[in-house]
Amino acid sequence: MRSVRSLTATVLIAVVTALSAACGLESGGAVPLAVGPGSITPVDSLEGVPITVGSKDFTEQIILGYIIEFALTAAGADVRDLTNIQGSNSTRDAQIAGQIDVTYEYTGTGWINYLGNEQPIPDPTAQFEAVRDQDLARNGMVWTDPAPMNNTYALAASQATVAETGVRTLSDYAALVQLNPAAATTCVETEFNVRQDGFPGMAAAYGFDPAQAQRQILQTGIIYQATADATQCKFGEVFTTDGRIAALDLVLLEDDRSFFPKYNPALVMREEFAEQYPAVAEVMAPISALLTDEAITEMNRQVDVDGREPADVARDWLADNGFVTIP
């Protein structure tokens with residue numbers, strides 16, 4: 001009898017594929033844009049190997065998924081696209097069930113959301129090593145080659161809101177929630193609203209009752225403009241590498257108690273897959289090394305502000321850095 005988790009992942013894959021087909025996308029199909037070898041040359045052990053790449057459903061994750069896809073395609077693999085899966089837990093379940101072979105995952109998400117630890121480790125290297133060792137021992141998942149970029153959570157506000165409220169730190173925000181909850185209306189997305197590395201944990205760390213805070217649940221992409229407009233919400237949950245922060249002139253509130261964990265993306269694979277195809281990690285290591293905050297923020301900006309397709313942005317970044325060529 002198949003496990004509930006395996007059945008859930010299989011249903012998820014079918015839904016994602018059907019929705020993507022309805023939208024004219026190629027999820028579950030071959031990589032949609034061709035690339036040729038640059039510094040990445042075909043690898044004998046990957047030639048023709050079917051590899052399914054997954055990602056979550058927000059801009060940065062989709063870009064990172066396509067970066068893996070184009071790189072492994074240039075190395076000779078038969079890559080299948082399963083980017084744009086809704087939510088962290090759904091993506092994780094699909095990978096554990098064998099529906100996804102490789103993805104970029106964030107160290108903070110692994111440590112707290114998947115492994116159930118409550119306290120993050122401040123040093124990014126120590127955090128990576130801890131999640132790497134624990135996830136391998138408990139779940140047979142291999143983490144390798146973390147990128148220097150750190151896409152952590154933050155609260156942001158417009159310049160006008162900061163001037164009006166004087167709130168510049170999360171301690172200031174906590175004080176405002178306690179003093180005047182109506183002045184601290186906050187827009188958040190569903191996961192952040194319930195995750196222990198999200199709003200509930202932040203409230204505990206900063207000493208206020210999360211039930212006091214007036215929150216509105218919005219889709220991630222809507223929060224930035226709503227926060228900039230400061231009508232629907234005065235504060236909003238953001239990702240620190242999102243290109244819309246600068247484009248909308250938002251102010252990040254200082255995490256003055258260092259609550260939010262480090263979220264460095266690393267390549268994650270099941271142990272048996274990683275052992276069978278070590279060339280995957282070898283191909284991706286120099287690419288991960290160049291994924292800085294500046295690099296990914298600019299790629300995110302091109303998608304969310306300029307309206308470019310994530311696949312085009314990922315492919316062009318790889319080409320600009322000499323990893324692939326565009327025929």
Side-chain angles (χ1 to χ4, degrees), residues 5 9 53-58 60-61 63-65 67-68 83 85 87-154 191-192 194-202 204-205 237 239-241 255 257-278 280-293 296:
R5 169 165 280 186
V53 178
S55 83
K56 305 171 199 179
D57 59 344
F58 58 92
E60 180 171 292
Q61 270 280 296
I63 291 171
L64 292 174
I67 285 174
I68 300 172
T83 54
I85 295 173
S88 297
N89 290 335
S90 296
T91 306
R92 173 74 165 192
D93 288 351
Q95 186 165 31
I96 288 177
Q99 302 296 325
I100 292 171
D101 297 314
V102 59
T103 189
Y104 270 115
E105 185 53 271
Y106 301 98
T107 50
T109 302
W111 184 245
I112 294 177
N113 210 42
Y114 302 155
L115 296 171
N117 298 288
E118 294 186 359
Q119 296 299 319
I121 299 172
D123 179 73
T125 300
Q127 179 67 92
F128 167 74
E129 291 171 348
V131 72
R132 176 197 64 192
D133 295 346
Q134 194 172 116
D135 208 15
L136 179 61
R138 286 172 51 178
N139 301 307
M141 302 298 285
V142 172
W143 292 64
T144 184
D145 299 308
M149 58 172 277
N150 174 31
N151 184 10
T152 192
Y153 285 120
E191 278 200 26
F192 183 79
V194 298
R195 283 169 55 144
Q196 285 310 303
D197 55 343
F199 201 89
M202 182 190 73
E237 164 220 347
F239 299 119
T240 55
T241 55
D255 182 10
R257 295 188 183 178
S258 300
F259 164 72
F260 288 118
K262 300 296 188 294
Y263 291 86
N264 302 102
L267 211 66
V268 179
M269 299 169 279
R270 295 182 310 282
E271 185 176 14
E272 63 271 22
F273 178 86
E275 290 178 348
Q276 187 173 2
Y277 303 110
V280 171
E282 294 168 8
V283 168
M284 294 302 302
I287 294 172
S288 292
L290 293 185
L291 287 170
T292 62
D293 284 345
I296 196 65

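Excluded from the calculations below are hydrogen atoms, water molecules and symmetry mates; all remaining heavy atoms, backbone and side chain alike, are included. What you are looking at is a predicted structure, and each value in this text was computed from that prediction instead of being measured.
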field: Any donor-acceptor pair under 3.5 Å from Glu237 side chain to Gly198 backbone
entry: no

- prompt: Is Asn150 close to Pro124 at the side-chain level, that is, under 4.5 Å between some pair of heavy atoms?
  reply: no

query: Can you check whether Pro265's main-chain N or O pairs, donor with acceptor, with Trp143's side chain at less than 3.5 Å?
result: no

statement: Residue pairs passing the salt bridge (Lys or Arg N to Asp or Glu O under 4.0 Å) test with at least one member in residues 125-143, sequence neighbours excluded, are Arg92-Asp135

- request: Check whether any side-chain heavy atom of Tyr104 lies under 4.5 Å from a side-chain heavy atom of Leu291, and answer yes or no.
  value: yes

message: To check you understand the geometry: which heavy-atom pair defines the closest contact between Thr83 and Gly65, and what is its length?
response: CG2-CA, 4.0 Å

query: What are the two closest heavy atoms between Ala130 and Ile121, and how far apart are they?
result: CB-CD1, 3.5 Å

task: Heavy atoms only: give me the nearest Phe128-Asp145 pair and the separation to one decimal.
output: CZ-N, 4.2 Å

- line: Here the gap from Asn264 atom CG to Thr109 atom OG1, rounded to the nearest 0.5 Å, amounts to 11.0 Å

- request: State whether the side chain of Asp197 and the backbone N or O of Ile112 hold a donor-acceptor pair below 3.5 Å, judged by distance alone.
  value: no

query: Could you walk me through whether Tyr153 and Tyr263 pass the ring-ring contact (aromatic ring centres under 6.0 Å, His included) check?
result: CA-CA 9 Å; Tyr153 285 120; Tyr263 291 86; 5.6 Å; yes

field: Side-chain heavy atoms of Met141 within contact of Gln95, under 4.5 Å
entry: yes

message: Could you work out, with side chain to side chain donor-acceptor pair (under 3.5 Å) as the rule, every residue matching Asp101, not counting sequence neighbours?
response: Arg270

query: When you measure from the side chain of Thr144 to the backbone N and O of Leu267, does any donor-acceptor pair fall under 3.5 Å?
result: no

- request: Taking all heavy atoms of Pro120 and all of Pro261, pick out the closest pair and write down the distance.
  value: CB-CB, 3.5 Å

task: Using a 4.5 Å cut-off on heavy atoms from C-beta on, say whether the side chain of Met149 contacts that of Asp293.
output: yes

field: Centroid-centroid distance, Phe58 to Phe239, less than 6.0 Å
entry: yes

statement: Across all chains, not counting sequence neighbours, the ring-ring contact (aromatic ring centres under 6.0 Å, His included) partners of Phe273 are Tyr277

Minimum side-chain heavy-atom gap Leu64-Ile296 below 4.5 Å: yes

Distance (rounded to the nearest 0.5 Å) between Asp93 CG and Tyr114 OH: 8.5 Å

- prompt: Is any side-chain heavy atom of Glu60 closer than 4.5 Å to a side-chain heavy atom of Asn151?
  reply: yes

task: Drop me the distance from Gln127's CD to Asn117's CG, to the nearest 0.5 angstrom.
output: 8.0 Å

Atom of Pro148, atom of Ser288 and distance for their closest heavy-atom approach: CD-O, 3.3 Å

- request: Report yes or no: do Ser88 and Glu191 form a side-chain donor-acceptor pair below 3.5 Å?
  value: yes

Student check: side-chain heavy atoms of Gln276 and Glu272 closer than 4.5 Å: no

task: Would you give the length of the straight line joining atom OG1 of Thr103 to atom CD1 of Ile85, rounded to the nearest 0.5 angstrom?
output: 8.0 Å

task: Check Thr91 against Gly87 and note the closest heavy-atom contact, atom names and distance.
output: OG1-O, 2.9 Å

Sidechain-backbone polar pair: Gln61 side chain, Ser55 backbone, donor-acceptor under 3.5 Å: no

task: With rounding to the nearest 0.5 Å, note down the distance linking CE in Met284 to CD1 in Ile68.
output: 5.0 Å

- request: Could you tell me the separation between the CG atom of Leu115 and the CD atom of Gln134, rounded to the nearest 0.5 Å?
  value: 4.5 Å

task: Using atom types as modelled and distance alone, determine if a side-chain donor or acceptor of Lys262 lies under 3.5 Å from a backbone N or O of Pro122.
output: yes

